[in-house]
Amino acid sequence: MFEFLPLGRILKTTNPPAVEKSSAPLRFGVVGASRIAPDAVIKPVRCHADTLILAVAARSERRAQSYAQKWRIPKFYGGQNAYQDLIDNPDIDVVYIGLPNALHYEWTMKALAAGKHVLCDKPIADNEEETQRMFALAQEKNLVLLEAWQPRFHPALHRVKAIIDEGSLGKIVKMYAHFGLWGDLQFKKDDIRYNYGLGGGALMDLGPYPLNIMRYLSSSEPTVLSAEATCRSENVDRRMEVHMTFAESIPATVIVDFALEGWGPLKLLPQWLKLVFRVECENGVVEYFNYALPSLYHYITITTKDGKSRVEKVYKPAEGKGEEWWSAYRYELEAFVDKVRGREPQVWRTAEDSINSMRIIDAAYTKACFAPRSRRTH
Ligand SMILES: NC(=O)C1=CN([C@@H]2O[C@H](COP(=O)(O)OP(=O)(O)OC[C@H]3O[C@@H](n4cnc5c(N)ncnc54)[C@H](OP(=O)(O)O)[C@@H]3O)[C@@H](O)[C@H]2O)C=CC1
Ligand SMILES: O=C1OC[C@@H](O)[C@H](O)[C@H]1O
């Protein structure tokens with residue numbers, strides 16, 4: 001499946017061209033000099049005419065300065081009050097939050113209180129209750145708040161849904177997904193993902209991908225029947241297996257995993273990544289490979305009951321805005337800016353979508369007998 005990897009497109013996706021800016025672009029402030037911010041917002045902004053990155057804030061002055069230098073961000077804030085100082089800058093219109101999950105609530109609330117629109121990375125909060133409060137404040141302040149979960153904005157996922165909704169495969173009868181990583185190769189021992197107090201855990205980190213895709217494809221919310229965890233440390237799941245039913249009768253299983261088994265003889269060969277998503281329908285099966293980062297590379301395989309199989313790849317929507325090389329984050333930014341500017345985005349994630357997503361994660365942790373994710377003083 002990898003034999004025709006389009007390297008030119010991938011290079012442009014990961015290193016998009018700079019475009020000329022509009023006369024008054026939306027000015028973004030980046031809270032946290034995180035690893036994800038370049039992909040999630042800095043590079044997408046580079047190729048969006050109506051946006052620019054004005055400032056970054058980090059807890060250390062040195063880190064803020066070197067990050068700003070590296071990414072050519074004109075202003076930086078460092079030190080204990082850096083995040084608040086950035087938020088208080090009256091020139092900033094939008095705050096992007098790429099902090100550990102447990103800090104999403106606090107800094108989103110502070111940014112909204114200061115009158116900023118917020119793009120906050122996934123999962124949007126530690127739990128459903130926080131998510132409700134965040135969207136309530138955004139609504140009260142008439143500000144845009146979006147949970148940045150980029151696969152929802154990519155046309156490949158829309159194509160998967162269209163294939164199912166078109167009807168010839170019949171109804172969905174079963175769904176299965178596995179998102180696994182070799183965590184110890186990819187993350188340091190003190191990574192935010194392994195820390196309960198920072199909102200860590202495999203389900204918090206990886207769960208939103210398969211769970212949200214199942215919700216979207218089936219246009220329904222699940223009941224969580226059971227969840228079994230393997231712990232890395234107390235209340236931090238290294239692996240979680242969640243069993244659900246969607247639309248009252250569709251069985252579904254999600255496995256998320258930071259400790260993929262090896263493969264080959266004696267399972268000694270490392271497995272870097274596992275990304276399985278399968279929807280079984282009455283008359284065939286749809287499989288979607290690389291649903292987490294579809295803009296880099298993906299394929300959709302449709303196999304009908306008579307054994308016939310075809311493969312589709314979709315990087316640009318048949319109608320509407322987009323380019324083959326746009327990353328899913330770039331599609332997401334387009335929608336976010338449209339919303340802030342008062343235009344109808346071609347795709348949107350509503351408050352209910354994010355709230356329901358957190359509700360399922362809460363329910364799964366409860367079924368697995370985990371302590372509730374932090375209940376902060378609100
Ligand atoms: N949408 C997507 O595709 C992806 C989303 N994510 C999400 O992005 C967020 C950040 O992930 P990632 O970039 O990998 O994480 P990093 O560890 O690289 O960044 C987290 C940032 O949080 C700040 N921070 C503040 N307080 C703490 C603390 N107590 N401990 C550690 N860091 C702290 C640090 O900023 P400072 O610079 O101030 O020190 C750090 O840069 C998570 O919510 C994750 O789920 C991650 C990967 C992909
Ligand atoms: O959101 C994410 O997607 C990709 C994963 O590698 C990462 O752990 C996670 O935060």
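When a ligand or atom number is given, it counts from 1 through the structure's own listing order. For clarity, every value in this text was computed on a predicted model and none was experimentally measured. Computed over heavy atoms, backbone and side chain alike; hydrogens, waters and symmetry mates excluded.
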Please compare [options] and report which has the shortest non-hydrogen distance to [atom].
| atom | options | value |
| --- | --- | --- |
| atom 43 (O) of ligand 1 | N101, V31, D121 | N101 |
| atom 4 (C) of ligand 1 | D190, L198, I36 | I36 |
| atom 22 (O) of ligand 1 | A148, P100, S34 | P100 |
| atom 33 (C) of ligand 1 | Q150, R59, E332 | R59 |

Can you tell which part of [X] has a heavy atom less than 4.0 Å from ligand 1: side chain, backbone, both or neither?
| X | answer |
| --- | --- |
| D205 | side chain |
| M204 | neither |
| E147 | neither |
| L103 | side chain |

Using heavy atoms and a 4.0 Å limit, tell me yes or no: is [X] in contact with ligand 1?
| X | value |
| --- | --- |
| G98 | yes |
| Y209 | yes |
| Y83 | yes |
| Y67 | no |

Using 4.0 Å as the upper bound for N to carboxylate O, is an ion pair formed by K189 and D184? no
With a 4.0 Å cut-off, would you call K21 and D50 a salt bridge?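 Between D50 and K21 there is no salt bridge, as every charged N stays at least 4.0 Å from the carboxylate O atoms.
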Between the side chains of H154 and S295, does any donor sit under 3.5 Å from an acceptor?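 No, no side-chain donor-acceptor contact under 3.5 Å.
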Residues Y96 and D121: side-chain donor-acceptor under 3.5 angstrom: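 Yes, side-chain donor-acceptor contact under 3.5 Å.
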What pair of heavy atoms forms the shortest contact from S309 to T301, and how long is it? OG-CG2, 3.5 Å
Determine the minimum heavy-atom distance between S357 and N212, stating which atoms define it.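 Residues S357 and N212, closest heavy atoms: OG-OD1, 3.1 Å.
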Working note: L217 + I213, criterion side chain to side chain contact (heavy atoms under 4.5 Å, CB included); need CA distance, chi angles, decisive distance, verdict. CA-CA 6 Å; L217 294 181; I213 294 178; 3.7 Å; yes
Counting both backbone and side chain atoms, is some N or O of Q186 under 3.5 Å from an N or O of ligand 2?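 No: no nitrogen or oxygen of Q186 is under 3.5 Å from one in ligand 2.
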Those atoms of ligand 1 less than 4.0 Å from some heavy atom in [X]:
| X | answer |
| --- | --- |
| H104 | 43 (O) |
| Y329 | 1 (N), 2 (C), 3 (O) |
| L99 | 9 (C), 10 (C), 22 (O), 23 (C), 42 (C), 43 (O) |

When the ring planes of [X] and [Y] are compared, do they come out parallel, tilted or perpendicular, using 30° and 60° as the limits?
| X | Y | answer |
| --- | --- | --- |
| Y291 | Y288 | tilted |
| Y83 | W107 | perpendicular |
| F153 | W348 | perpendicular |

Which protein non-hydrogen atom lies closest to atom 14 (O) of ligand 1, naming both residue and atom, and how far is it? R193 NH2, 2.8 Å
